[in-house]
Colleague: 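I'd like to ask some things about the structure below.
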Protein chains: 2
Amino acid sequence: MEAKELLQQHIAKIASIKEEDFDYVFSHFKPMSFKKGQAILSEGDKVDCEYFVTSGCLKAFFINDEIKMYILQFAMPTWWTSDYAALYNQTPATISVDCITDAEVLCLSSEDREKLCSEFHQLEHFFRWRTNRGYIASQKRLLSFMNNNVKKRYEELLSLYPQLYNLVPKHLIAAYLGVSRETLSRLHSS
Amino acid sequence: MEAKELLQQHIAKIASIKEEDFDYVFSHFKPMSFKKGQAILSEGDKVDCEYFVTSGCLKAFFINDEIKMYILQFAMPTWWTSDYAALYNQTPATISVDCITDAEVLCLSSEDREKLCSEFHQLEHFFRWRTNRGYIASQKRLLSFMNNNVKKRYEELLSLYPQLYNLVPKHLIAAYLGVSRETLSRLHSS
DNA sequence: ATCAGAATGTGATCTACATCACGTAACCAA
DNA sequence: TTGGTTACGTGATGTAGATCACATTCTGAT
């Protein structure tokens, strides 16, 4: 599917935007292509944009004392990602985003998002819905973290996103689960 | 401060609502009073409302196998709380909310919130902002969970909300940190 | 004022997971 | 094809925090 059509259908599930209005809205999104391994957003960068994934798979991650990586989010088509804290607070990025596979995204600047949200009530509605969904998912993940051991969290992740099993190397799954790659590996044999 | 004024100033920081419009908006909020220990929302309930705290302190929590409690959120004045997953998905509550101290809240039904959001673009803007803030805080807490040990998480919590130290019993702080009360207690001596 | 239940402290022991160490297999790039 | 890097598996050992057990202090209802 075309990137434009993908975005349109994604938004249309929640908000109704007239065809000609959507053309205008879409003109604010900048299509970008990246190769596997390429960085989209790096720690310390000024953050201006958020990204709507149209193909491929990204990861948004944090690296602590330059040693350990924690993955906040995998981003697949129709998912949005960025360092929202940095975007919102206008601070340098602490979260990085890069490509697990070749990927294409639509880039929307924060400025344009706010402009469009004020121009189109329905778009503001859409973004409220989207953030709400992210918030609920994040709460759920937090609870899972407190309540479940690694094995259960792993099973939960795979049942939610079965594609990840083949798409994403195991050590990245470990980094998402907040566990060492060794421990994750040992789960298979237990 | 009056509950009404508290809400008005809280919203005014983000959205501009005309005085007479705010009166109309406010008429949809139902003031409620609760005693310390009283339940506002219990697991299994149908969830219709979200709550804006105007005085006192609540907790939103999850109980797993009828043994262990995890606190998702403390809610103090100007904070909003509910079981948002249940509210959004129209499913029975899995999160409960009750009062750590005597408390007063303004109750807003989901239906009224959606109605008001569609009537007032600025209010939709406000709720987008609010959810966005919650999402960012939740992401941050998740990272802290993965990256920090109990001691650091405890210090982080107290530096963010010093009032909690005197207001909230230690075993509830432990339940927020996702740690046993014994371990939390031992932090003081180390 | 008194007493029961809740909150807190603290020792002894257990356990899930981390860390370190090493070996093997898979994947590219020249 | 080859050599180097990255991914993955697995043993040995260390450790943060859980669990159990019990003592002490605080608190709120009668």
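To find a chain, count down the sequence lines: A is the first, B the second, and so on, and within it residues start at 1.
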Colleague: Using atom CG of B:N147 as one end and atom P of D:dA16 as the other, report the distance to the nearest whole Å.
Modeller: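 Going from B:N147 (CG) to D:dA16 (P), I get 16 Å.
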Colleague: Please state whether the base of C:dG9 and the side chain of B:R181 form at least one donor-acceptor pair under 3.5 Å?
Modeller: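 Check passes, donor-acceptor contact within cut-off.
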Colleague: D:dG17 C1' sits how many Å from B:N148 CG, rounded?
Modeller: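 Distance, rounded to whole Å: 15 Å.
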Colleague: Do you know the tightest heavy-atom contact between B:L184 and B:V179?
Modeller: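 Closest approach of B:L184 to B:V179: CB-CG1, 4.2 Å.
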Colleague: Identify whether any heavy atom of B:K151 sits under 4.0 Å from a base atom; if not, whether one sits that close to sugar-phosphate; answer base, sugar-phosphate or nothing.
Modeller: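 Here B:K151 touches no strand at all.
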Colleague: Tell me the interatomic distance from A:L184, atom CG, to C:dT19, atom P, rounded to whole angstroms.
Modeller: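 Rounded to the whole Å, the gap is 15 Å.
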Colleague: Can you identify which nucleotide, out of C:dC17, C:dT10, C:dT8, has its nearest atom closest to the B:R186 side chain?
Modeller: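 Of the options given, the side chain of B:R186 lies nearest C:dT10.
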Colleague: Separation of A:L187 atom CG from C:dA16 atom C1', in whole Å?
Modeller: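 Distance check: A:L187 CG to C:dA16 C1' gives 11 Å.
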Colleague: Under 4.0 angstrom, heavy atoms only, what part of the nucleic acid is B:G178 near: base, sugar-phosphate, or nothing?
Modeller: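 Sugar-phosphate only.
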Colleague: I'd like to know if A:E182 reaches the base of D:dC8 with its side chain, counting only an N/O donor and acceptor under 3.5 Å.
Modeller: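 Looking at the base of D:dC8, it does not pair with any donor or acceptor on the side chain of A:E182 (distance under 3.5 Å).
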Colleague: Nearest-Å distance, CG (A:L167) to C1' (D:dA7)?
Modeller: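 Distance, rounded to whole Å: 15 Å.
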Colleague: Between C:dT19, C:dG9, D:dT19, which one does the side chain of B:K68 approach most closely?
Modeller: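 Taking heavy atoms from C-beta onward, the closest nucleotide is D:dT19.
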